[in-house]
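What follows is a short report on a single structure.
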Number of protein chains: 2
Amino acid sequence: MTAETGERRRDAERTRTELLDVATEEFAERGYSGARVDEIAARTRTTKRMIYYYFGGKEQLYLGVLERAYAEIRAAERTADVDHLDPVAAVRRLAEVTFDHHEAHPAFIKLVGVENAQQAKHMNHVARLVDLNSSAVDLLAGVLARGVGDGLFRDDVDALDVHMMISSFCFFRVANRHTWGALFDRDLLDPARREHYRTMLGDLITGYLRK
Amino acid sequence: MTAETGERRRDAERTRTELLDVATEEFAERGYSGARVDEIAARTRTTKRMIYYYFGGKEQLYLGVLERAYAEIRAAERTADVDHLDPVAAVRRLAEVTFDHHEAHPAFIKLVGVENAQQAKHMNHVARLVDLNSSAVDLLAGVLARGVGDGLFRDDVDALDVHMMISSFCFFRVANRHTWGALFDRDLLDPARREHYRTMLGDLITGYLRK
DNA sequence: TAACTAACGTACCAGTTCGTACATTAGAAA
DNA sequence: TTTCTAATGTACGAACTGGTACGTTAGTTA
């Protein structure tokens with residue numbers, strides 16, 4: 001209701017957002033139990049009290065972080081426009097969107113890791129998330145159907161499986177960057193190798209689909 | 001030096017091993033900061049005091065867990081015998097060994113996740129690990145060279161990259177089981193789908209390599 | 001301008017958690 | 001049997017950490 005002056009001393013929305021921003025970093029970086037409520041508060045311009053005022057507690061704050069992170073991705077994934085591309089190029093494009101997205105949101109990737117570490121028990125409490133991710137798969141399913149219809153793709157593939165192949169590659173590259181670097185002395189996120197991996201992913205997926 | 005009677009009330013080696021066993025589970029399940037020293041001790045037949053007696057502290061115990069976990073894998077990876085197979089079958093076999101291994105060692109996968117969550121900072125302190133994993137890649141490199149020599153494989157591929165493709169798929173399936181299940185209602189480790197995924201991985205990799 | 005409420009800050013508590021001081025015992029060695 | 005030490009157990013403390021009671025202030029509304 002109030003105008004965005006940018007100079008107000010009291011701004012509920014801004015306080016909430018700032019809390020979520022910092023909490024996202026903290027939870028992604030240190031995990032759920034590793035993150036400290038005091039530390040999160042200290043890195044904002046407000047106090048710990050506000051976490052309890054706006055969210056109720058550490059767990060609800062984490063839930064808020066998770067929900068917002070997935071919501072942002074939903075928006076990003078809608079941007080892929082592949083209807084005008086031939087099936088092979090379209091699959092490649094979809095893979096690249098996922099590739100770019102993973103690279104651009106390391107904090108999100110880490111949150112996924114954190115969630116899996118705790119058997120996704122928090123995610124189950126955010127019912128809204130379930131129908132959220134299906135749109136990406138639906139898009140892919142459409143492209144695959146076109147490819148099969150054109151006789152370009154093998155006809156025994158499941159869209160969710162293909163989505164999994166794409167996700168694995170993109171996820172691994174970001175999530176396991178550090179152990180990979182330590183074990184093989186290769187930085188998977190080295191900008192110099194970015195195009196190489198992006199192309200590789202496209203080759204990998206289209207190579208699998210092709211008849 | 002002393003014989004393994006199995007009934008001794010005091011057995012340094014057994015106490016140490018038991019501590020490592022339980023700690024592996026705890027660290028894998030709850031992460032480094034989530035794991036509780038008291039809880040680890042309680043789940044053994046000894047006391048917390050022994051953690052400090054044998055390892056020095058929580059961090060060194062974690063280091064011990066990490067080192068042993070990787071050492072076990074080294075042994076497992078040596079078992080692949082692919083010299084008598086043609087290059088295509090050999091690549092498929094190597095991928096399957098990795099596939100099986102990931103599935104059989106979820107705790108190890110989780111530890112890798114835990115390590116990445118903390119920028120692999122502990123792993124760097126275990127210098128012994130670095131040269132450890134290279135054997136798997138060397139094996140793969142040999143097979144790839146054979147395939148290129150036979151004119152079966154494209155000649156612009158790097159063994160470490162192929163190892164990464166294989167690892168991503170296998171890792172993702174185990175590591176992201178829970179979020180995937182929550183979001184898409186599909187259990188990636190469902191035994192009924194196991195062969196399907198195992199074959200899929202082989203198709204994926206050989207499809208990419210084929211000229 | 002007085003009253004009212006949403007937004008915010010301070011100080012503190014209670015439970016937890018890593019770590020340690022100190023006492024004790026099993027079994028080997030003399 | 002006595003001595004000695006590696007191995008083990010008990011009890012406790014200091015720091016940390018999530019959460020809360022209570023007081024204060026900005027800005028709105030009558």
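What's counted below: heavy atoms across the whole structure, side chains too, no hydrogens, waters or symmetry copies. Just so it is clear: chains get the letters A, B, ... in the order the sequence lines come, proteins before strands, and each one is counted from 1.
Atom CZ of R49(B) is separated from atom P of dA6(D) by 13 Å (rounded to the nearest Å). Atom pair Y62(B):OH and dG19(C):C1' shows a separation of 21 Å (rounding to whole Å applied). Atom CZ of R16(B) is separated from atom P of dT8(D) by 12 Å (rounded to the nearest Å). Atom CZ in R45(A) sits roughly 11 Å away from atom P in dG9(C) (whole-Å rounding). The distance between atom CG of L19(B) and atom P of dA7(D), rounded to the nearest whole Å, is 13 Å. In this structure, CD of E18(B) is placed 14 Å from C1' of dA7(D), rounded to the nearest angstrom. Whole-Å rounding puts the F55(B) CZ to dT8(D) P distance at 12 Å. Spacing between atom CZ of R14(B) and atom P of dA26(C) amounts to 16 Å, rounded to whole angstrom units.
Proximity of T15(A) to the phosphate of dC8(C): a side-chain N or O atom is located under 4.0 Å from OP1 or OP2. Residue T46(A) places no side-chain N or O under 4.0 Å from the OP1 or OP2 atom of dA7(C). Of the side-chain N and O atoms in Y54(B), one or more sit less than 4.0 angstrom from OP1 or OP2 of dT8(D).
Using a distance-only test at 3.5 Å, with no hydrogens or angles considered, a donor-acceptor pair links the side chain of E115(B) to the main chain of H122(B). Not one N or O on the side chain of R45(B) forms a donor-acceptor pair closer than 3.5 Å with the backbone of A42(B).
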Nucleotides 11-19 of chain D: protein proximity per nucleotide (B base, S sugar-phosphate only, - neither; heavy atom, under 4.0 Å): ------SBB

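Using a cut-off of 4.0 Å between Lys/Arg side-chain N and Asp/Glu carboxylate O, R68(A) and D21(A) are scored as salt-bridged.
Remark: W180(A) CH2 to L189(A) CG distance equals 13.0 Å, nearest 0.5 Å. Taking CG of D156(A) as the reference point, atom CG of D161(A) lies at 10.0 Å (rounded to 0.5 Å).
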Check: residues 88-96 of chain A side-chain donor-acceptor pairs under 3.5 Å, at least two apart:
residue : atom : partner : partner atom : Å
R92(A)  : NH1  : D203(A) : OD1          : 3.4
R92(A)  : NH2  : D203(A) : OD1          : 2.7
E96(A)  : OE1  : R198(A) : NH2          : 3.4

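Of the candidate nucleotides dA7(D), dA6(C), dT10(D), dT10(D) has the atom nearest to the side chain of T47(B).
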